[in-house]
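Data block below; observations after.
Predicted, not measured: the structure shown is a model, and the values here were computed from it. The figures that follow rest on heavy atoms only: side chains count, while hydrogens, waters and symmetry mates do not.
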Amino acid sequence: MIIFSQGPTEHSRLGNSIVWMTKAAYIAKQLGWQVAFPWASENFVAYLAPNSYWLEAIKQARDSYLDKFDVPLTAASISRQSRKYEALFEADNQLPAFGWERAVYSDESNNVLYLRGKIDITSEKVLSLVESHALTIIHEPFELMYLENLSLIGEDYASVIPKKRLFNAQAKHVAEIAAGRPTVGMHIRRGDYSRWQGGSYYYDDDFWCTNAARFVASGKSVWVFSNELSDELKARLLSHATNIPDEDFNHHFVRMMFMGKIFGPPSTFSSTAAN
């Protein structure tokens, strides 16, 4: 049993998580692993289809985790357990806190293997360790980029398909509003984008309003996706006859899948929706 652990960080959001979930599923399916991701079962259950790859083994994972640690398996509890293993690894190797690029720790008493960092999880040595432990915890799996076997690098989008009812409802909604017009999704990012890459992808309100008006004037059905709109910017965009969804991120993500084009800065949320 493999359980993926993920701390409550910026990498826990839907777009970033789906990036590595597609990569991890691609690897795990080829290796024949039984895997679970508690964060997905807690945070993405409104999005993921009931038969999703990431929900298939969650019951077995919960049973195994409870047996090993005598506490329920949650995203928070496994994140805390991960840090405990890292502290033990640091003590055993006389390292300062987080003074390592990779951590491989074997909890022999519980027959649990802990992995984190720049590790090729498909190497013979690591696969042998995984095979010899009843449970393996892999933390921060978006670091799964260090594979020598290039044939195991890929993306499996079938592992993160949305619920059929959610998907069909959003397809119908977009089609009704667009009424045959080409669709353009505008993904407005603020927050850390004011600093990321020196602010190269941070645009002011006038930029977004000018382009919204341009798209509408050219006969497009324009949809604005953002959780960072000020009341003033929202009012200005609505005055240009744009559509601004008010639902949660699951609806936004699926609705973005039906956009003919997506206009905005580089983002895992919009790029994975486009894929």
Check the surroundings of atom CG in Asp206: do more than 12 heavy atoms from other residues, nucleotides or ligands lie under 6.0 Å from it? yes
Keeping Asn93 on the side-chain end and Leu95 on the backbone end, is there a donor-acceptor pair under 3.5 Å? no
Beyond-backbone contact of Leu48 with Lys163, side-chain heavy atoms, under 4.5 angstrom: no
Tell me whether Asn250 contacts the main-chain N or O of Ala46 through its side chain, where contact means a donor paired with an acceptor under 3.5 Å. no
Could you tell me whether a side-chain N or O of Thr22 sits under 3.5 Å from a main-chain N or O of Val19, the two making a donor and an acceptor? yes
Backbone N or O of Gly260 within a donor-acceptor pair of the Thr183 side chain at under 3.5 Å? yes
Looking at the rings of Phe258 and Phe167, which for Trp means the six-membered one, are their centres under 6.0 Å apart? yes
Got a salt bridge between Arg190 and Asp205, using NZ or NE/NH1/NH2 to carboxylate O under 4.0 Å? yes
Evaluation steps, side-chain contact (heavy atoms from CB on, under 4.5 Å), between Ile121 and Trp33: CA-CA 12 Å; Ile121 62 170; Trp33 284 355; 3.9 Å; yes
Is there a donor-acceptor pair closer than 3.5 Å between any side-chain N or O of Ser128 and the backbone N or O of Lys125? no
Check: Ser79/Ser5 side-chain N/O donor and acceptor closer than 3.5 Å: no
Is there a side-chain contact between Ile78 and Ile137 (heavy atoms, below 4.5 Å)? yes
Would Glu228 and Lys234 pass as an ion pair if we require N to O under 4.0 Å? no
What verdict does the ring-ring contact (aromatic ring centres under 6.0 Å, His included) test give for His187 and Trp223, after you've listed the backbone C-alpha separation in whole Å, the side-chain angles of each residue and the deciding distance to 0.1 Å? CA-CA 8 Å; His187 190 202; Trp223 302 71; over 10 Å; no
If only atom types and distance count, is the side chain of Asp248 paired as donor or acceptor with the main-chain N or O of His251 below 3.5 Å? yes
Counting heavy atoms not belonging to Asp92, are there more than 12 under 6.0 Å from its CG? yes
Does Arg83 reach the main-chain N or O of Arg80 with its side chain, forming a donor-acceptor pair under 3.5 Å? no
Indicate yes or no for a side-chain donor-acceptor contact from Arg102 to the backbone of Ile119 under 3.5 Å, with no hydrogens or angles considered. no
Phe215 and Phe263 aromatic centres sub-6.0 Å: yes
Which is it for Tyr65 and Phe69 under the ring-ring contact (aromatic ring centres under 6.0 Å, His included) test, yes or no, and what are the steps along the way? CA-CA 6 Å; Tyr65 191 83; Phe69 303 110; 4.7 Å; yes
Could you give me the CA-CA distance, side-chain angles and deciding distance for Thr122 and Ile27, then say whether side-chain contact (heavy atoms from CB on, under 4.5 Å) is met? CA-CA 8 Å; Thr122 66; Ile27 296 168; 3.9 Å; yes
Thr268 and Ser271: side-chain donor and acceptor closer than 3.5 Å? no
Passing option when Phe4 is tested against Trp20, Phe37, Trp39 for ring pair (Phe, Tyr, Trp, His ring centres under 6.0 Å): Trp20
Does a side chain donor of either Glu86 or Tyr114 reach within less than 3.5 Å of an acceptor in the other side chain? yes
